Amino acid sequence: MRSLRLPAVLTAVVLVATACTGEGGADGAGGYPRNETLYTTGTAWGPPTNWNPIMEGNYAVGTVGLVYEPLFLFDPEENDYTPWLAESDEWPDENTHVITLREGIEWTDGEPLVAEDVVTTLELGHFDIHYSNIWNFVESAEATGEREVTVTFSEPRPQEWMNWVANRAIVPEHLWADKDQAQVNDDPNADPVGTGPYVYENHADDRMVWRRNDDWWGTEALGLEMSATYIVDIVNASNEVTMNMLGNHEVDMSNNFLPGIDQVIERDATITSYYEEPPYMRSANTAWLIPNHEHEALGDPEFRRALAHAIDIDQIISGPYTNLVEAADPTGLLQPWDDYIDHELVAEEGFSYDADEAVRILEEAGYVDEDGDGYVETPDGEPLSLELAVPSGWTDWMEAANIIAGNAEEVGIDVTPAFPEQDLLIENFRRAEFDLMINNDRGLSNTPWTYYDFIFQLPIRDEQITANYARYENEEAWELTERLAATPTDDIEGAAEITSQIQEIFLADLPVIPLWYNGLWSQSSNRVWTNWPSEDPDTPDSYATMWNNLYQLGAIYTLAEIEPVE
């Protein structure tokens, strides 16, 4: 699974063609009418090579959301599910979920959407894919009518189940049922057949082009008509290239971190973001400092607590981010999950920057500088030197790592920043071959269960592929996380009681250290398209982004709500 590191600043060796010639003219690179074409960038860091919706994190931008669609969407602000491919659903009992599909939806090859498509998508989880765990609690899935699916659970886990329902793209049974393990995992699916509002047009090393599906079911059923005839997503070359393209209005929406974008927004009224003032962007995920618990010192909760107090997060926010992000709550839970935060507990047990407190904790725990070199040793008197890794080229995180290392040095902890290539870093942290790293692999979703599943998931494996990179083992915390998964989705009070207990463990142990809320990087040009989402009540409130999995949280509405400039 590719890292969900979305705001990265990387340098990719690709050729980025100029996007346009003018508002009414044709695109010189592809011949698309400029006033019918939406140019985006910021999600893809390499050429599009596959359109397989099962290959989470590796498919071309828009594969899920534009072509393949889920059964439901989820609105994080309203904490509500919206039927999408599904028309309705009911729970006859806690172990049974019946989903009825909309009538009249067709795949782009003309075949109807039927219940067997949902069953097949679920049964692909019997292969070794990223949602295989669904069968830990799903007992059976069967088509109990042409458009009716009945899912029976061996144990009820509605939080976890609804995360699948509101995220997983449904694939057609008539094309996927006979695939084997290798095909499911490796087939690039070069001719994607979906139900969504766009279809494959073409691609090149530097771009992915989608064409509007004028027969899309949602136009009639939902009253949504996609505004752009074409969507051209440009592969990132560098932040400088993207900044120039945005400044020249050659792209309409940028979704990567751009240093100095605050100055551009202040100076150019035609380039906007969600907020008019800092932080300009909404939050999308939490950036954590993740310690390797197999390391002697990092496995000590007192040492982790001292490290948490040592970090001056305001220095990071005002420095490399120029106030484009906000400090994370000590629990790390994002703002839409505020109902699940025990604020009284946080006030009593939470941490904040306090270098003196960090030194005090270290001394009490036996971490002192015996040899006078300015750095503490372990309680056993052994030298203590740590490496903090972030991917090479991710300039915001690289600068943040330098600041954290400097903060640590001030309290006597020896931390050295390291900047390996992203692929090497992923390989290393999966195998626990690291000391410290910054990571944000779980973002906003329909439930805080996804957040705690990432932190506490057990058992620990030889390679941690999707969760618990810290290798923190706490049976009680994992049991509570499993209880959270089993809590009804509308029982916010019951879920909050469980998250309060989880937070008591979290704040005492700090298995990971929340740092800041990563921004939902989104800057838009109003030269060709307007009516972008913003805090203004007269504009849409959806997400203006092409990031994977954000369509399922409502970003798809943005493509229908933007308007061509007259």
Side-chain angles (χ1 to χ4, degrees), residues 1-6 8 45-46 49-50 52-59 63-64 121-138 157 159-161 163-164 167-169 180-188 285-295 298 332 389-391 394 397 420-445 447 449-475 477-478 481-482 485 511-512 518 547-549:
M1 175 179 172
R2 185 176 68 82
S3 169
L4 295 182
R5 157 66 178 166
L6 298 170
W45 296 100
T49 56
N50 91 74
N52 183 335
I54 305 300
M55 296 174 68
E56 185 79 7
N58 293 318
Y59 46 69
T63 298
V64 173
T121 306
L122 266 168
E123 289 184 340
L124 290 177
H126 286 305
F127 290 125
D128 183 16
I129 62 175
H130 62 90
Y131 63 82
S132 299
N133 65 300
I134 205 80
W135 287 98
N136 292 341
F137 62 93
V138 172
R157 305 184 75 169
Q159 299 268 344
E160 186 171 355
W161 166 246
N163 182 254
W164 190 94
N167 271 284
R168 183 53 36 217
D180 58 24
Q181 172 81 61
Q183 290 173 313
V184 169
N185 279 335
D186 302 325
D187 183 353
N285 48 61
T286 304
W288 306 284
L289 182 65
I290 296 189
N292 181 354
H293 287 240
E294 293 186 356
H295 185 285
L298 295 173
V390 300
W394 296 14
W397 284 15
E421 293 299 319
Q422 180 194 14
D423 289 346
L424 176 60
L425 176 58
I426 292 173
E427 185 177 315
N428 287 344
F429 72 64
R430 286 179 172 177
R431 298 175 180 174
E433 296 173 358
F434 73 99
D435 296 332
L436 294 162
M437 68 170 178
I438 299 175
N439 182 272
N440 67 333
D441 270 10
R442 291 283 176 98
L444 190 59
S445 76
T447 167
W449 168 80
T450 57
Y451 180 87
Y452 290 120
D453 174 66
F454 176 82
I455 296 171
F456 298 118
Q457 188 182 101
L458 293 177
I460 303 296
R461 299 169 175 82
D462 290 340
E463 289 198 23
Q464 291 294 97
I465 303 299
T466 62
N468 198 354
Y469 303 145
R471 294 174 179 253
Y472 172 69
E473 295 192 59
N474 188 309
E475 294 286 350
W478 179 235
T481 302
E482 295 280 73
V512 301
N518 239 19
W547 287 355
N548 297 334
N549 301 111

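Note that these values count all heavy atoms, side chains included, but never hydrogens, waters or copies made by symmetry. Everything numeric here is computed off the predicted structure, so don't read it as measured data.
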For this session: Evaluate the side-chain proximity of Thr121 to Tyr131: yes if any heavy-atom separation is below 4.5 Å, no if none is.
Result: yes
Exercise. Parallel, tilted or perpendicular for Phe429 and Phe434, by the 30°/60° rule?
Worked result: perpendicular
Exercise. In terms of ring plane angle, is the pair Phe454 and Tyr469 parallel, tilted or perpendicular, where the classes change at 30° and 60°?
Worked result: perpendicular
Do the side chain of [X] and the main chain of [Y] share a donor and acceptor less than 3.5 angstrom apart?
X      : Y      : result
Arg430 : Thr466 : no
Asn52  : Val184 : yes
Asp453 : Trp449 : no
Ser132 : His126 : no
Asn50  : Asn58  : yes
His293 : Pro511 : yes
Asn468 : Tyr472 : yes

What closest approach, in Å, do [X] and [Y] show between heavy atoms, and which atom pair accounts for it?
X      : Y      : value
Glu463 : Arg471 : CA-NH2, 3.9 Å
Asn440 : Ala287 : CB-CA, 4.1 Å
Gly443 : Thr450 : O-OG1, 4.4 Å

Report the residues that fulfil salt bridge (Lys or Arg N to Asp or Glu O under 4.0 Å) with [X], sequence neighbours left out, ordered by chain and then residue number.
X      : value
Asp186 : none
Arg168 : Glu56
Glu475 : none
Glu427 : Arg431

I'd like to check the side-chain contact (heavy atoms from CB on, under 4.5 Å) partners of [X]; sequence neighbours left out, ordered by chain and number.
X      : value
Asn185 : Ile129, Gln181
Asp462 : none
Asn428 : Leu424, Glu433

Exercise. Can you tell me how far CG of Leu298 sits from CD1 of Ile290, rounded to the nearest 0.5 angstrom?
Worked result: 12.0 Å
For this session: Could you walk me through whether Trp397 and Asn518 pass the side-chain contact (heavy atoms from CB on, under 4.5 Å) test, one step at a time?
Result: CA-CA 11 Å; Trp397 284 15; Asn518 239 19; 4.1 Å; yes
Kindly write out the residues that satisfy side-chain hydrogen bond (donor to acceptor under 3.5 Å, both in side chains) with [X], not counting sequence neighbours, or none if the list is empty.
X      : value
Tyr451 : Trp288
Thr286 : none
Glu482 : Arg157
His295 : none

Exercise. Does Trp478 have any ring-ring contact (aromatic ring centres under 6.0 Å, His included) partners at least two apart in sequence or in another chain, and if so, which?
Worked result: none
For this session: Carefully, step by step, assess Ile54 and Tyr59 under the rule side-chain contact (heavy atoms from CB on, under 4.5 Å).
Result: CA-CA 8 Å; Ile54 305 300; Tyr59 46 69; over 6 Å; no
